[in-house]
Each structure stands twice: as C-alpha cells, then as structure tokens.
**Student:** 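What follows is a structure written as structure tokens; I'll ask about it next.
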Amino acid sequence: MKIDVLTLFPRMFEGPMGESIIGKAVNKGLLDINISNFRDYSDNKHQNVDDYPYGGGAGMLLKVQPIYDNIKAIEEAAPETKKRVILLDPAGKQFDQKMAEEFSQEEHLVFICGHYEGYDERIRSLVTDEVSLGDYVLTGGELGAMVMIDATVRLLPDVLGNQTSAQTDSYSTGLLEHPQYTRPAEYKGMKVPEVLTNGNHKLIEEWQLKESLRRTYLRRPDLLGQLEMTPQMLKLLEEIKQEENE
C-alpha cells in the first residue's frame, strides 16, 4: 500500500510513522508512506497557503492552489495507482472500524490535513472522502490522519504477527472483545476463570462469546442493535440479562 499525507507540519509524523507496527510494515516493504508539506507547492513568493474568505468571516481558509498542485504531483509520481483522497474535516463522516477495513483494501490513500478556520470549498472537488475522527475539533488534521493510518495499516496482510488478532478485535466482529488473561492462573487472590484452564475448546468459545456479549451489553448496548443475532447469541444474551438483574 502507498500512503501520501499532505500537511503543514511533516515533523509531527516522524515518530509515529516510524515506530511500532507502522514502522515494521515500512521495513518489510508492505507500506510506502510519504509526507508532503503542501507549503512547498505554494506559488506565492512568501509561500502563503491561506487567505481571508470572500464575504468576510472569522479566521483564514486554506487556499486551493497549493493542495491542488501537491495532489497533481502525487498523481504524476504514481499514475498507475487508483487513489482514495481523504479530507480530514470535522464535518465529515465519522471514522470507524468498517471504514478502516475499507481503506485497507485500497492500493493508494492520500490524506489532506487541514489547519486554520477551514478549506476553500474547491478543495472538496479534489477528494473522494471527507472524514472526521469524532464530534470534536482538533487544531489540525494531523492527529486524526495518524489514527486513521494506524487503524488501517494494522489490517494489511502480514503486518500483524497473527492476522487473527485483527479479525477478532473489538468492533471487527461487531462486539466488544471478551476479557483475556495470561499466567499466572492466580495472582493475589485474583483467579483466571476456570473454564479457560480446562482445555475444553467448545466451552471456551462459548464463554468468550458470552463475555463479549456481556461487555457489549453493559458498555455499548447500541452496538447490539446493529448485529444479526444468531439463536445462540440471543439465548446467551437472555442469560446475561437475567444474571445482571439478579
């Protein structure tokens, strides 16, 4: 996968994009990531990238020209790839696991990180997606882009040591992940549930499903309404409701 990021603050990406899972993906040749400072594409002698809005208003807007020319340069450098161009915008569609899974199927992602009060509206004609990290406003799109890149890259084949980990993550299955334990089996009186130590895989799988349902029911009941519940899940959910109401 190729990823390009357009930003006014490229140094913000130096640490996060070179460490941990993303850094390993780059070293393995599974990911090619390039950070561009779109100020370098400004045709203004002072390299200005923002200006006052027509009609008045608070703050400054990012100009269309530097971003247009930056994207054109990316297209010319890799004309063979189909690109998905993502504008980081508080008014965009909220990012979630499903979107990360969609992004992970693309061959080339381009993230545009905004700053100042907003964008010249013509910038929107250059993008395929307008995406927000959540219902709050950050000082710029850089942190949002990093989060989206991290959530996407970990889903690429061979990036994680165990690909099943990504498939069973919270939100990937529609449920929150069940509780997990490691050795020792008892620590300061706190014990691992016996079902996990008895070697009966069928009982373990049923316990994991039930505890995923329980955690989702207690913490994110809204997610249950989006699931296609099997008869087993419905039965377990009724048990959970009874247990929690006792």
Side-chain angles (χ1 to χ4, degrees), residues 1-7 12-13 16-17 19-22 24-25 30-31 33 82-115 118-119 123-124 126-180 208-230 233-234 237 240:
M1 171 181 275
K2 287 182 64 67
I3 293 179
D4 276 277
V5 180
L6 282 63
T7 174
M12 289 181 68
F13 291 84
M17 298 297 100
E19 298 291 338
S20 189
I21 298 299
I22 296 177
K24 290 178 180 178
L30 303 173
L31 175 67
I33 185 163
K82 181 180 178 182
K83 298 165 186 64
R84 192 157 177 176
V85 183
I86 300 141
L87 185 71
L88 277 293
D89 187 350
K93 183 177 179 182
Q94 188 162 318
F95 184 73
D96 58 15
Q97 186 67 23
K98 182 179 179 182
M99 194 179 296
E101 292 168 359
E102 289 178 9
F103 287 171
S104 72
Q105 301 302 311
E106 303 291 341
E107 57 179 332
H108 195 163
L109 299 176
V110 180
F111 292 87
I112 303 174
C113 303
H115 255 272
Y119 302 98
I123 291 172
R124 300 184 194 278
L126 308 174
V127 310
T128 58
D129 301 85
E130 297 178 27
V131 185
S132 167
L133 198 60
D135 293 335
Y136 47 88
V137 180
L138 299 172
T139 55
E142 286 76 14
L143 293 175
M146 292 179 207
V147 169
M148 294 178 197
I149 291 169
D150 186 275
T152 298
V153 169
R154 66 188 304 279
L155 298 175
L156 298 177
D158 301 321
V159 168
L160 295 181
N162 181 357
Q163 197 60 30
T164 306
S165 297
Q167 297 168 359
T168 58
D169 280 338
S170 293
Y171 302 110
S172 291
T173 63
L175 296 170
L176 299 184
E177 196 167 25
H178 55 78
Q180 299 191 79
Q208 290 173 338
L209 175 59
K210 185 174 182 178
E211 294 310 309
S212 286
L213 280 164
R214 187 191 306 276
R215 181 164 283 182
T216 307
Y217 170 69
L218 294 175
R219 300 184 183 184
R220 288 293 307 275
D222 56 297
L223 295 177
L224 296 177
Q226 304 171 28
L227 284 176
E228 291 186 17
M229 304 282 280
T230 65
M233 292 168 71
L234 290 170
L237 186 57
I240 292 165

**Student:** Minimum heavy-atom separation for Leu160 and Arg154, please, with both atom names.
**Tutor:** CG-O, 3.4 Å
**Student:** Atom CG of Leu218 and atom CD1 of Ile240: how far apart are they, to the nearest 0.5 Å?
**Tutor:**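 Atom-to-atom, Leu218:CG and Ile240:CD1 are 8.0 Å apart.
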**Student:** In terms of side-chain geometry, is the basic nitrogen of Lys83 or Asp4 positioned less than 4.0 Å from the acidic oxygen of its partner?
**Tutor:** no
**Student:** Step by step, work out the side-chain contact (heavy atoms from CB on, under 4.5 Å) result for Leu175 and Leu227.
**Tutor:** CA-CA 8 Å; Leu175 296 170; Leu227 284 176; 3.3 Å; yes
**Student:** Side-chain contact test, heavy atoms from C-beta onward, threshold under 4.5 Å: evaluate it for Met17 versus Leu31 and give yes or no.
**Tutor:**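 SC-SC contact between Met17 and Leu31 ruled out.
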**Student:** Measure the CG-CG distance between Leu224 and Leu213 for me, rounded to the nearest 0.5 Å.
**Tutor:**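 Output value for this atom pair is 6.5 Å.
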**Student:** Taking Lys93 first and then Asp129, would you say they form a salt bridge - that is, a charged N and a carboxylate O separated by under 4.0 Å?
**Tutor:**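 No, no charged N to carboxylate O under 4.0 Å.
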**Student:** Looking only at heavy atoms, what is the nearest atom pair of Pro179 and Glu211, with distance?
**Tutor:**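 Minimum heavy-atom separation between Pro179 and Glu211: CD-CB, 3.5 Å.
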**Student:** Is any side-chain heavy atom of Met12 closer than 4.5 Å to one of Leu143?
**Tutor:**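 Touching, per the 4.5 Å side-chain cut-off.
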**Student:** Do side-chain atoms of Tyr119 reach the backbone of Arg124 as a donor and acceptor pair under 3.5 angstrom?
**Tutor:**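 Answer holds: no.
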**Student:** Between Glu101 and Lys98, does any side-chain N to carboxylate O distance fall below 4.0 Å?
**Tutor:**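 Between Lys98 and Glu101 there is no salt bridge, as every charged N stays at least 4.0 Å from the carboxylate O atoms.
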**Student:** Of the non-hydrogen atoms in Val153 and Ala25, which two are nearest, and what is the gap between them?
**Tutor:** CG1-CB, 4.0 Å
**Student:** Rounded to the nearest 0.5 Å, what separation is found between the CD1 atom of Ile3 and the CD1 atom of Ile22?
**Tutor:** 7.5 Å
**Student:** How many angstroms lie between CG in Leu209 and OG1 in Thr230, if you round to the nearest 0.5 Å?
**Tutor:**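 The OG1 atom of Thr230 is 6.5 Å from CG of Leu209, to the nearest 0.5 Å.
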**Student:** Side chains of Ile149 and Met146: does their closest heavy-atom pair fall under 4.5 Å?
**Tutor:** no
**Student:** Would you say Asp222 has more than 12 foreign heavy atoms packed within less than 6.0 Å of its CG?
**Tutor:** yes
**Student:** If we ignore hydrogens and angles and just use 3.5 Å, is the side chain of Thr152 paired with the main-chain N or O of Ser104 as donor and acceptor?
**Tutor:**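 No; judged by distance alone, with no hydrogens or angles, the pair does not exist.
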**Student:** Check whether any side-chain heavy atom of Phe13 lies under 4.5 Å from a side-chain heavy atom of Ile33, and answer yes or no.
**Tutor:**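 No, their side chains stay 4.5 Å or more apart.
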**Student:** Are Ile86 and Leu109 side-chain neighbours, meaning at least one heavy-atom pair lies under 4.5 Å?
**Tutor:** yes
**Student:** Which heavy atom in Glu142 sits nearest to a heavy atom in Cys113, and how many Å separate them?
**Tutor:**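 In this case the closest contact between Glu142 and Cys113 is OE2-CB, 3.5 Å.
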**Student:** Measuring only between side-chain heavy atoms, which start at C-beta, is Val110 closer than 4.5 Å to Val127?
**Tutor:** no
**Student:** Evaluate the side-chain proximity of Gln97 to Leu155: yes if any heavy-atom separation is below 4.5 Å, no if none is.
**Tutor:** yes
**Student:** Identify which one of Gln105, His108, Glu102, Glu107 satisfies the side chain to side chain contact (heavy atoms under 4.5 Å, CB included) criterion when paired with Arg84.
**Tutor:** Glu102
**Student:** Can a donor-acceptor pair be found, under 3.5 Å and without considering hydrogens, that links the side chain of Arg215 to the backbone of Glu177?
**Tutor:** yes
**Student:** So which heavy atom on Gln94 is nearest to which on Leu133, and how close?
**Tutor:**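 Nearest pair, atom of Gln94 first, then Leu133: CG-O, 4.1 Å.
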**Student:** Considering only heavy atoms from C-beta outward, does the side chain of Arg214 approach that of His178 to under 4.5 Å?
**Tutor:**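 They are not in side-chain contact.
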**Student:** Hey, does the side chain of Thr216 reach the backbone of Leu176 with a donor-acceptor pair shorter than 3.5 angstrom?
**Tutor:** yes
**Student:** Could you report the tightest heavy-atom contact between Met1 and Leu156, atom names first, then the distance?
**Tutor:** CE-CD2, 3.9 Å
